[in-house]
Amino acid sequence: MLRLPWRARAALTSLALLGPLLALLAGCAGLDGLQGEGRARDVKAPLALWPEYSPAPLPRAQNPDARRTVPGLARIPSGSMAAADPLTVLDTDIASGGATPPAPKAVRRPVLHDLTGDGKPDLIMVVDLDRRTSELRAYSVQKQRVTRVLLVRGVLAGVELAAGHLVIREPTKDPRYVSVTDYAWDDGELGLWDLTLDDARTPQTPSQPPSPSPTPTPSPTPGAGT
């Protein structure tokens with residue numbers, strides 16, 4: 001009877017024990033494409049700093065969606081901002097806060113749009129304070145009084161209207177993205193609805209209707225009229 005040295009017997013015994021395990025791993029790799037991806041990355045929960053502190057609400061004078069009746073303007077029984085003069089509303093509002101009304105060339109074209117959902121147009125005004133910073137003010141008629149419902153100052157990369165929402169786009173430090181602030185009328189206030197990031201893009205411009213193509217004149221048929 002052939003007797004192997006004890007080192008050889010130990011090696012064969014180890015291979016016999018590892019054989020099924022290696023076959024199982026090989027089968028898994030063949031069926032599921034099992035591959036090692038290196039050390040798993042540690043996942044940690046966010047670390048809250050000073051959790052015992054919470055901010056106080058914004059003062060009314062600093063709250064952009066705080067309603068404020070514009071003093072000195074006539075009542076509007078119809079409830080429509082279309083019945084008011086836009087520049088008069090803007091100048092009166094700014095002057096009532098102790099500031100000087102802007103030059104007319106700094107004021108963009110007024111926009112009438114229903115922001116409150118009552119079917120009556122509200123007024124949106126933008127003043128360009130300099131080549132970068134602008135100020136947006138929105139007005140609505142509340143109980144027959146002209147009421148400012150929004151005041152936002154910032155870098156307005158775009159202002160959009162969608163489904164009754166007022167959307168303001170502002171640049172970020174990353175030129176690929178813009179900050180998108182969504183305001184919507186809720187419970188009697190034009191308040192912050194959503195704040196997200198979006199891909200930067202150029203503002204959409206209305207497409208021009210295609211000009212009608214000229215009607216081709218049929219060429220005379222050879223031999224016709226002979």
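Note that this is a predicted model, so its numbers are computed, not measured.
Taking OH of Tyr183 as the start and CG of Leu190 as the end, the distance is 8.5 Å to the nearest 0.5 Å. Between atom CD of residue Gln142 and atom CD1 of residue Ile76 there is a gap of 11.5 Å, rounded to the nearest 0.5 Å. Separation of atoms OG (Ser80) and CG (Asp114) is listed at 9.5 Å; rounding is to 0.5 Å. The CG atom of Asp182 sits 9.5 Å away from the CG atom of Leu195 when rounded to the nearest 0.5 Å.
Hydrophobic clustering of Ile, Leu, Val, Met, Phe, Trp and Tyr side chains at less than 4.5 Å, counting indirect connections, keeps Leu151 apart from Val141. Both Leu87 and Ile94 are part of a single hydrophobic cluster, where members link through side-chain heavy atoms under 4.5 Å apart. Hydrophobic clustering (side-chain heavy atoms under 4.5 Å, transitive across Ile, Leu, Val, Met, Phe, Trp, Tyr) groups Val89 together with Val127. Under the 4.5 Å side-chain heavy-atom criterion for ILVMFWY residues, no single connected hydrophobic cluster contains both Val159 and Val155. Both Ile168 and Ile124 belong to a common hydrophobic cluster when Ile, Leu, Val, Met, Phe, Trp and Tyr are linked at side-chain heavy-atom distances under 4.5 angstrom.
Under the salt bridge (charged side-chain N to carboxylate O under 4.0 Å, His left out) criterion, Glu170 pairs with no residue at all, not counting sequence neighbours. Applying the salt bridge (charged side-chain N to carboxylate O under 4.0 Å, His left out) criterion to Asp91, with sequence neighbours excluded, gives no partner residue. Every residue meeting the side chain to side chain contact (heavy atoms under 4.5 Å, CB included) condition with Ala95, not counting sequence neighbours, appears here in chain and number order: Pro101. The side chain to side chain contact (heavy atoms under 4.5 Å, CB included) check on Leu112 picks up Met81, Ala82, Pro121, Leu123, with sequence neighbours excluded. Checked against side chain to side chain donor-acceptor pair (under 3.5 Å), Thr196 has no partners two or more places apart in sequence or in another chain. For Thr172, the side chain to side chain contact (heavy atoms under 4.5 Å, CB included) partners at least two apart in sequence or on another chain are Asp174, Tyr177, Ser179, Leu197. Remark: Asp93 engages Arg68, Arg137, Arg148 in a salt bridge (charged side-chain N to carboxylate O under 4.0 Å, His left out) (not counting sequence neighbours).
Among pairs with a residue in residues 124-174, those fulfilling ring pair (Phe, Tyr, Trp, His ring centres under 6.0 Å) read His165-Trp193, at least two apart in sequence or across chains. For the ring pair (Phe, Tyr, Trp, His ring centres under 6.0 Å) condition, no pair includes a residue of residues 76-132, sequence neighbours left out. Sorted by first then second residue, the salt bridge (Lys or Arg N to Asp or Glu O under 4.0 Å) pairs that include residues 124-134, not counting sequence neighbours, are Arg108-Asp128. Applying the ring pair (Phe, Tyr, Trp, His ring centres under 6.0 Å) definition to pairs two or more places apart or across chains, none involves residues 82-101.
Looking only at side-chain heavy atoms (C-beta outward), Leu166 and Leu115 come within less than 4.5 Å of each other. With contacts defined as side-chain heavy-atom distances shorter than 4.5 Å, the pair Leu150/Leu136 qualifies. Using a 4.5 Å heavy-atom threshold, the side chains of Thr133 and Arg153 count as touching.
Taking the charged nitrogens against the carboxylate oxygens, Asp198 and Arg169 do have a contact shorter than 4.0 Å, which makes a salt bridge.
Judged by distance alone, with hydrogens and angles left aside, the side-chain atoms of Thr92 form no donor-acceptor pair with the main-chain N or O of Leu90 at under 3.5 Å. With hydrogens and angles ignored, the 3.5 Å screen pairs a side-chain donor or acceptor of Lys120 with a backbone N or O of Ser78.
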Begin from the C-alpha positions of Thr147 and Val70 and carry the test side chain to side chain contact (heavy atoms under 4.5 Å, CB included) through to its verdict. CA-CA 6 Å; Thr147 305; Val70 181; over 6 Å; no

Report the C-alpha separation of Met125 and Val111 in whole Å, then their side-chain angles, then the decisive distance to 0.1 Å, and conclude whether the side chain to side chain contact (heavy atoms under 4.5 Å, CB included) test is met. CA-CA 7 Å; Met125 303 286 290; Val111 174; over 6 Å; no

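Connectivity analysis of hydrophobic side chains (ILVMFWY, heavy atoms under 4.5 Å, direct or indirect) links Val167 to Val178, Val180.
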